[in-house]
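Notes follow the structure.
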Amino acid sequence: MRFNIDGKLFQQQLQAVSKVINSKNALSILDNFLFELHDGWLTITGSDQENIVSSRVEVTDSEGEGDIAVPAKTLLEITKEINNQPVTFSLNENTGEIDVLFLTGRFRFMGINADEFPRGEKMDEDATVLVIPASVMKKGIDKTLYAVSLETIRPMMTGIYWDIHEGDITFVASDTHKLVRYINSEVNPEVVTSFIMPSKPASIMKGILDKTTDDVRMTLGEKGARFEFGDFTVTCRFIKGNYPNYNRVIPDNNPFAVKVSRESFFNAMRRVAIFASKASSLVKFDITERGMVLSAQDLDYGTSAEERVMCEYEGNPMTIGFNSTFTQEILANLSGDDVVVRLSDPARPGIFEPLEQEPNENLVTIQMPLQVIE
C-alpha cells in the first residue's frame with residue numbers, strides 16, 4: 001500500500017479527525033487512526049467508541065489497497081514537522097512497517113493490524129434521512145453549545161436537543177441556570193422527530209462546518225446519527241432520556257423591557273464582573289427609567305465596582321441579580337447591535353434576546369436570577 005499526498009492537506013485532515021480521539025482510551029486500538037486506501041482515495045478515521053469521525057481524501061500515485069491502524073500521536077507530531085512538503089506514505093504489508101518520506105528525510109515506525117478498529121454500527125433500513133444547509137446546522141450548534149450542562153448527574157442535559165418539526169428545526173441547550181432555544185425555519189424537514197446530540201460530536205462538527213458550504217446529509221437511526229458533508233462523515237450515538245419540556249420554562253409574561261446596546265452592556269458587565277464575589281459571580285442590576293446601574297462587590301477583599309449603562313426601560317423600578325459569567329456568555333452569543341432583556345420581578349427568570357431577530361430565526365435565552373441581599 002502506497003500513496004502520495006500534499007503535506008499541508010494531510011496535516012489538516014489528521015487534525016480534524018484527531019478531535020474525536022481521547023487522550024486516554026480503554027481500548028489501545030483507539031489511540032490510532034484507521035487508514036483505508038481504495039480506488040485512489042484515502043479514508044482517515046478516528047473513534048472513541050461512542051463517536052466516529054472520517055475524512056476522505058484523494059491521493060496520487062497510489063499503489064495497492066488495504067487498511068492499517070497508525071499511531072495518532074506519532075503521525076500528528078510528524079506532520080507538524082514536515083509542514084507543506086509533499087509526503088509519500090508506504091506500508092510494508094508483510095512486516096507492518098510504515099515509511100513516511102518527504103523531501104529532506106524519512107520517518108519509520110510500526111503500524112497496527114486494523115481488524116480490531118471499530119467501524120461503527122450500520123444504520124437502520126428505515127432510518128430518517130434529511131438534507132439541510134451546513135449554515136443551518138452550524139448556527140444551531142453555535143447558538144446553543146455554550147449552554148449545555150457539564151454535570152453528568154443528568155446526562156440528557158449534557159447535549160443539544162434537536163426538536164425537528166415539519167416547518168423548522170429547534171435547537172435547545174440548558175444547564176438549569178440558563179436555557180437557550182434557537183428556532184431556524186430556513187428549512188422544511190417535513191418530518192417530526194427529536195434527539196439529544198452529545199456535546200463532543202457537536203463541538204467537532206462546529207469546527208469542521210466552518211470549512212464547508214456543502215449541505216449536510218443526516219441519517220437518523222434509533223440510537224444514533226450519521227452526518228455526511230464535504231469530505232467528512234461524523235457518526236454519534238444519541239444521549240438516552242427524555243429532554244424536559246423547554247417551552248414551559250420560558251416565561252410567557254415578562255412585561256418590563258430593557259433595550260440596550262449589546263456591546264456597551266457586554267463591556268460594562270465584563271468590567272464590573274472583575275469585582276464580583278468569586279463564589280457567586282453576582283452582579284446587581286438597578287434599573288429605572290433613567291438607566292441601568294451594574295454593581296458588584298466582594299466582601300472578602302473589600303472591593304466593589306459600579307457602572308451606569310444607557311438604556312431604554314419600560315416598567316417599574318427593579319433591582320435584580322444575575323450571574324456575571326452567564327450573562328457575558330449570553331451576550332457574546334446573541335446577534336445584532338441591540339438586545340432586549342424582558343423582566344417581571346426579581347425572583348423570576350429574565351429573557352435575553354436580540355432586539356431584531358434574523359430572518360427565519362428566533363433566538364431566546366433565559367437566565368435564572370440570583371438573590372440580592374441589600
Side-chain angles (χ1 to χ4, degrees), residues 144 146-151 153-154 156-157 161 172-182 243-260 262 264-266 268-300 304-334 338-355 362-374:
T144 55
Y146 77 96
V148 300
S149 175
L150 302 178
E151 300 293 334
I153 191 170
R154 298 184 68 189
M156 69 283 296
M157 307 300 286
Y161 181 58
V172 183
S174 175
D175 60 5
T176 71
H177 302 290
K178 57 186 179 294
L179 179 145
V180 184
R181 185 196 66 189
Y182 171 70
Y243 205 84
N245 187 335
Y246 56 88
N247 284 319
R248 291 183 58 185
V249 181
I250 300 173
D252 56 8
N253 184 26
N254 278 25
F256 307 142
V258 181
K259 299 175 184 177
V260 60
R262 185 172 68 89
S264 298
F265 191 6
F266 178 80
M269 176 62 69
R270 186 175 57 184
R271 289 188 288 266
V272 172
I274 296 171
F275 295 90
S277 166
K278 300 300 183 288
S280 66
S281 296
L282 170 66
V283 168
K284 185 172 66 172
F285 293 49
D286 287 303
I287 312 167
T288 67
E289 293 181 354
R290 296 187 300 275
M292 177 170 61
V293 176
L294 307 179
S295 61
Q297 61 178 339
D298 190 334
L299 297 177
D300 293 336
S304 63
E306 181 178 290
E307 184 164 344
R308 178 176 294 276
V309 181
M310 298 299 296
C311 68
E312 296 179 24
Y313 179 59
E314 300 173 1
N316 300 330
M318 184 182 301
T319 297
I320 189 171
F322 286 112
N323 182 295
S324 59
T325 302
F326 297 159
T327 304
Q328 289 177 75
E329 288 179 336
I330 291 169
L331 293 173
N333 285 278
L334 289 177
D338 299 311
V339 299
V340 57
V341 183
R342 303 190 186 279
L343 306 167
S344 60
D345 67 63
R348 291 178 57 81
I351 300 175
F352 295 72
E353 57 189 359
L355 183 61
N362 183 270
L363 176 62
V364 171
T365 305
I366 70 166
Q367 183 180 180
M368 299 301 295
L370 299 178
Q371 183 178 8
V372 176
I373 301 176
E374 299 294 342

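We number each residue from 1, following the sequence as shown.
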| What residue among I287, V293, V372 forms side chain to side chain contact (heavy atoms under 4.5 Å, CB included) with T319? |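 Per the side chain to side chain contact (heavy atoms under 4.5 Å, CB included) rule, the option paired with T319 is V372, out of I287, V293, V372.
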Let me confirm one number: the [atom1]-[atom2] distance from [X] to [Y], rounded to the nearest 0.5 Å.
{"X": "L343", "Y": "R348", "atom1": "CG", "atom2": "CZ", "value": "11.0 Å"}
{"X": "L294", "Y": "D286", "atom1": "CG", "atom2": "CG", "value": "9.0 Å"}
{"X": "N247", "Y": "L179", "atom1": "CG", "atom2": "CG", "value": "9.0 Å"}
{"X": "E353", "Y": "I330", "atom1": "CD", "atom2": "CD1", "value": "12.0 Å"}
{"X": "E312", "Y": "E289", "atom1": "CD", "atom2": "CD", "value": "11.5 Å"}
{"X": "S324", "Y": "M269", "atom1": "OG", "atom2": "CE", "value": "6.5 Å"}

Looking only at heavy atoms, what is the nearest atom pair of [X] and [Y], with distance?
{"X": "F265", "Y": "V339", "answer": "CD2-CG2, 4.2 Å"}
{"X": "V260", "Y": "C311", "answer": "CB-CB, 4.0 Å"}
{"X": "M318", "Y": "S344", "answer": "CE-O, 3.5 Å"}
{"X": "T327", "Y": "Q367", "answer": "OG1-NE2, 3.1 Å"}
{"X": "E307", "Y": "V272", "answer": "CB-CG2, 3.8 Å"}
{"X": "V340", "Y": "A257", "answer": "CG2-CB, 3.9 Å"}

| task | Assess whether atom CZ of R290 is packed by more than 12 heavy atoms of other residues, nucleotides or ligands within 6.0 Å. | result |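 For R290, atom CZ is not crowded (no more than 12 foreign heavy atoms under 6.0 Å).
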| Is N245 atom CG crowded by more than 12 heavy atoms from other residues, nucleotides or ligands, each under 6.0 Å away? |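 Enclosed.
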Non-hydrogen side-chain atoms of [X] and [Y] separated by less than 4.5 Å:
{"X": "L370", "Y": "N323", "value": "yes"}
{"X": "M368", "Y": "F326", "value": "no"}
{"X": "Q328", "Y": "R270", "value": "yes"}
{"X": "R154", "Y": "T176", "value": "yes"}
{"X": "P251", "Y": "I351", "value": "yes"}
{"X": "I366", "Y": "V249", "value": "yes"}
{"X": "K259", "Y": "D338", "value": "no"}
{"X": "F322", "Y": "H177", "value": "no"}

| query | Any idea how Y161 and Y243 line up, ring-wise: parallel (<30°), tilted (30 to 60°), or perpendicular (>60°)? | reply |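 Y161 vs Y243 ring planes: parallel.
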| request: May I ask you to decide if the ring planes of Y313 and F256 are parallel, tilted or perpendicular, using 30° and 60° as cut-offs? | output: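 The rings of Y313 and F256 stand perpendicular, inter-plane angle above 60°.
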Taking [X] for its side chain and [Y] for its backbone only, find out whether a donor-acceptor pair lies under 3.5 Å.
{"X": "S174", "Y": "K178", "answer": "yes"}
{"X": "T288", "Y": "P317", "answer": "no"}
{"X": "N254", "Y": "V341", "answer": "no"}

| said: Against R181, only a single residue in T365, T144, N362 fulfils side-chain hydrogen bond (donor to acceptor under 3.5 Å, both in side chains); can you say which? | reply: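 Result for side-chain hydrogen bond (donor to acceptor under 3.5 Å, both in side chains) with R181: N362.
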| query | What's the verdict on side chain to side chain contact (heavy atoms under 4.5 Å, CB included) for L363 and Y182, showing C-alpha distance, side-chain angles and the deciding distance? | reply | CA-CA 5 Å; L363 176 62; Y182 171 70; 4.0 Å; yes
| field | D298/K278 under side chain to side chain contact (heavy atoms under 4.5 Å, CB included): CA gap, chis, key distance, verdict | value | CA-CA 8 Å; D298 190 334; K278 300 300 183 288; 4.2 Å; yes
